[in-house]
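Read the structure below first, then the notes.
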Amino acid sequence: MFQEEQKQVEQQIYNIFKENSLPLPEDLAWTPVPFSGEWGISTSFFKVAALEAKSEKSLNVPQRAEEIAQLVAENLPPQEYFSRIEAAGGYLNLYFDSRLFSARVVNTVLSTEFFGKGDPKGKTLMVEFSQPNTHKAFHVGHLRSAILGDAVCRILEFAGHDVIRANYYGDIGLHVIKWLWNYQKFHSGETPPADATRWMGDLYAEAIRRLEENPGLESEIRELYGRWDRQEPEIVDLWKQTRQWSVDGFRDLYDVLDIHFDRFYANSEVEIQGKEMVDELIKKGIAEDLRPDDAVIVRLDDLLGLKKEKYRVLVILRSDGTALYSTEELALAKLKFEEYSLDKSIYVVDVRQSLHFQQVWKTLEIAGFSWAENLEHLSYELVNLPGNVVMASREGTVVLLEDLIREAKSRAFEVVEEKNPDLNQKEKKDIARAVGLGAIKFPMLDRENTRIVTFDWETALDFNGQAAPYIQYAHVRANSILKKADGLPAAAIDPVYELDPTEVSLIENISQFPAVIQNAAREYKPLHLTHALYEVARSFNAFYRQAPVLTADPEVRDFRLQLVEASRIVLSTGLNLLGIEAPKVM
RNA sequence: GCCCUCGUAGCUCAAUGGAUAGAGCACCGGACUUCUAAUCCGACGGCUGCAGGUUCGAAUCCUGCCGAGGGCGCCA
């Protein structure tokens, strides 16, 4: 927002450096001055001083940095946008003129079509996220990939990338065969009830139970897998029909979560191509075919001439010739680049599969696919239950998504009824949905990707504190003021009064928003956004308490109204980027 | 055995190598005749697991150790 001014000062500083024959720093690395009630940008001269110290051993770096800062501060020409220049401990701090700064920030937000939106980067990224297995339940453990992936896509898009959202569902594999086996034997002809996904999961759990009780039945599973592999119509038809039940159920869940995809890839879709690629790898001498006694493997460490084990051995086809996850993964990676012209292909998958991806990608690299270097794993830690219990359908240690959503909505509904009993049923339900889903999504985003989320009902349904409802509430308050104000002042307004500290702090947080988006996009970390947004909400709430808008003197009121509108825009944009609704009342 | 994460306030978590390490929860004390108190203000709370190293400067980078979790040939 102040690039021009920053560049200008930068040039002036360079000139001072030249005049004093100081070594030119490569870049000044501007940062905001640690906020203390005044806006400013800051740079330091430690690097330059350290550079000098190399030729002049006796030099005290911090002292010299301070001298340079003093020198620059004294020699900079008078500034329009900076009202105060200060050298402090090796830093040079340039403080903005508060009137010009606040007016610029607020006017920029109001006059930009999408404040914070980055310039088009001309890069196409595919983000694959949410990889549910058909014929299984969809539980809270599956939620993180979906929610994180969705938010990352929204942020990347807003930051200026072209994003293709891919879903990859596992519709074949041993788990599916086990389900089909159980269905054929014990549930033949049944159709799913309204809650299809839960029912699919129940039947899967039942299949596992039966097989554990009677391990001898495993041979029937092998046999059935063989029949599927030979594409026997009876089995294929049943598989297709039952798979659809799951797929439809997943789509319903994605709709509820407001998550959409551009392309659905099925596991089975890439099976044939996967096997073909395995053949090629064997021909090229990259893979070893040890069938029928052993599988088809790639000895990665040997191929790379590594002495210490790193990539180990990747199995790419079972000894009986059926496909593995890795078989399909090889083909899927290729298919993605064939279908789209991608600059990068990102996989949002949990951390347990890190090695797996490294192996597959290294194999593709060895096979000579140039795009293999543009594959990227966005790994995240699991959602566990208290006591670090992993959610697993077969262990029965799961919280079903349907249950969580229902509970969160109903809890939110109770609160709405208590806080705002006059609203009609429809409004209350809409708010309950926004708040309930926000409460579910926020904890999955407001955390370093590499850290485990521990799910417990109490925390998940706690609407207080550092959580989505807090931000939504600030948005509601902003809306409420604007509604009562009956329109905004038509023209841009400069504040002609001394700003309240809460206003200063609010404007500071708003001004950071565009940079935060870029940062979150670059690092694939919605966390940066949740944090910044919380800060905007917090400073807005303080402002709301401290600085009256509607009852203020006209010139104060006009500027504050614009500030409220700017806050509203940032809050709703930010929530939207997290996939969280921003209700107008609650 | 090899590899990957993580270790920060009582608890849950932040902090592009940069200035006095910050929030929420919990606990304690205050604020509703006010634009919605799902809010605000204050107090309490820290040898950033330990020991070295690199650097003008380390919670952050490197090495070792301790602790927790995860991954390592036909599950996905």
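Letters A, B, ... mirror the listed sequences (proteins, then strands); counts begin at 1. Worth knowing before you read on, the calculation uses all heavy atoms, side chains too, and leaves out hydrogens, waters and symmetry mates.
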Scan [X] against the nucleic acid and name what it touches under 4.0 Å (heavy atoms): base, sugar-phosphate only, or nothing.
X: A/Val585; value: base
X: A/Pro62; value: sugar-phosphate
X: A/Lys483; value: nothing
X: A/Ala547; value: base

Query raised in the report: Just checking, A/Arg477 and A/Tyr544: is the charged tip under 6.0 Å from the six-membered ring centre and within 45° of the axis?
Result: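 Positive - A/Arg477 is close enough to the ring of A/Tyr544 and near enough to its axis.
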Query - For B/A21, the Watson-Crick or wobble counterpart (both distances under 3.5 Å) - result: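 With both distances under 3.5 Å required, B/A21 matches none.
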Query raised in the report: Paired with B/G7: which nucleotide, if any, by Watson-Crick or G-U wobble criteria at under 3.5 Å for both distances?
Result: B/C66
Query raised in the report: Are A/Glu271 and A/Lys275 ion-paired here, with the side-chain N under 4.0 Å from a carboxylate O?
Result: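 A salt bridge is present here (some side-chain N lies under 4.0 Å from a carboxylate O).
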Query raised in the report: Would you say the ring centroid of A/His142 lies under 6.0 angstrom from that of A/His139?
Result: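 Close enough - the centres of the two rings lie under 6.0 Å apart.
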Query raised in the report: Are A/Tyr347 and A/Trp361 an aromatic pair by the rule of ring centers under 6.0 Å?
Result: yes
Query raised in the report: Where does the angle between the aromatic ring planes of A/His175 and A/Tyr204 fall among parallel (under 30°), tilted (30 to 60°) and perpendicular (over 60°)?
Result: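 Rings of A/His175 and A/Tyr204: perpendicular, as their planes differ by over 60°.
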**Report entry** Test item: A/Gln472 side-chain N/O and A/Ala434 main-chain N/O as donor-acceptor pair under 3.5 Å
**Finding:**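 Yes; judged by distance alone, with no hydrogens or angles, the pair exists.
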Query raised in the report: Any donor-acceptor pair under 3.5 Å linking the side chain of A/Glu503 with the backbone of A/Asp500?
Result: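 Checked: pair present.
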Whole-Å gap separating [atom2] ([N]) and [atom1] ([X]):
X: A/Leu306; N: B/C3; atom1: CG; atom2: C1'; answer: 13 Å
X: A/His377; N: B/C4; atom1: NE2; atom2: C1'; answer: 11 Å
X: A/Phe543; N: B/U39; atom1: CZ; atom2: P; answer: 18 Å
X: A/Asn93; N: B/U20; atom1: CG; atom2: P; answer: 13 Å
X: A/Lys307; N: B/C2; atom1: NZ; atom2: P; answer: 17 Å
X: A/Tyr544; N: B/C41; atom1: OH; atom2: C1'; answer: 17 Å

Any [X] side-chain N or O less than 4.0 Å from OP1/OP2 of [N]:
X: A/Arg560; N: B/C35; answer: no
X: A/Lys308; N: B/C2; answer: no
X: A/Arg477; N: B/A38; answer: no

**Report entry** Straight-line distance of A/Ser44 OG to A/Leu92 CG, nearest 0.5 Å
**Finding:**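 Nearest 0.5 Å value for the OG-CG distance: 10.0 Å.
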**Report entry** Partners passing side chain to side chain contact (heavy atoms under 4.5 Å, CB included) against A/Asp462 (at least two apart in sequence or in another chain)
**Finding:** A/Asn464
Rounded distance in Å between the [atom1] positions of [N] and [M]:
N: B/G29; M: B/G67; atom1: P; value: 42 Å
N: B/G42; M: B/A23; atom1: P; value: 10 Å
N: B/C28; M: B/G71; atom1: P; value: 42 Å

**Report entry** Quiz item: A/Ser42 side-chain donor-acceptor pair to B/A19 base, under 3.5 Å
**Finding:**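 By the distance-only test, yes, there is a pair.
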Query - Donor-acceptor pair present, A/Arg545 side chain and B/A37 base, under 3.5 Å - result: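 A donor-acceptor contact between them is present.
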Requested in this report: For each nucleotide in nucleotides 66-76 of chain B, reading 5' to 3', give B when a protein heavy atom comes within less than 4.0 Å of its base, S when such contact involves only the sugar-phosphate, and - otherwise.
Outcome: ---SSBBBBSB
Report task. Treat primed atoms plus P, OP1 and OP2 as sugar-phosphate and everything else as base, then score nucleotides 21-27 of chain B 5' to 3': B for base contact with protein heavy atoms under 4.0 Å, S for sugar-phosphate contact only, - for none. Result -> --BSS--
Query raised in the report: Within the stacking criterion (centroid distance below 5.5 Å, interplanar angle below 30°), does A/Tyr91 stack on B/G18?
Result: no
**Report entry** Aromatic-base stack, A/Phe46 on B/G57, cutoff 5.5 Å, angle under 30
**Finding:** no
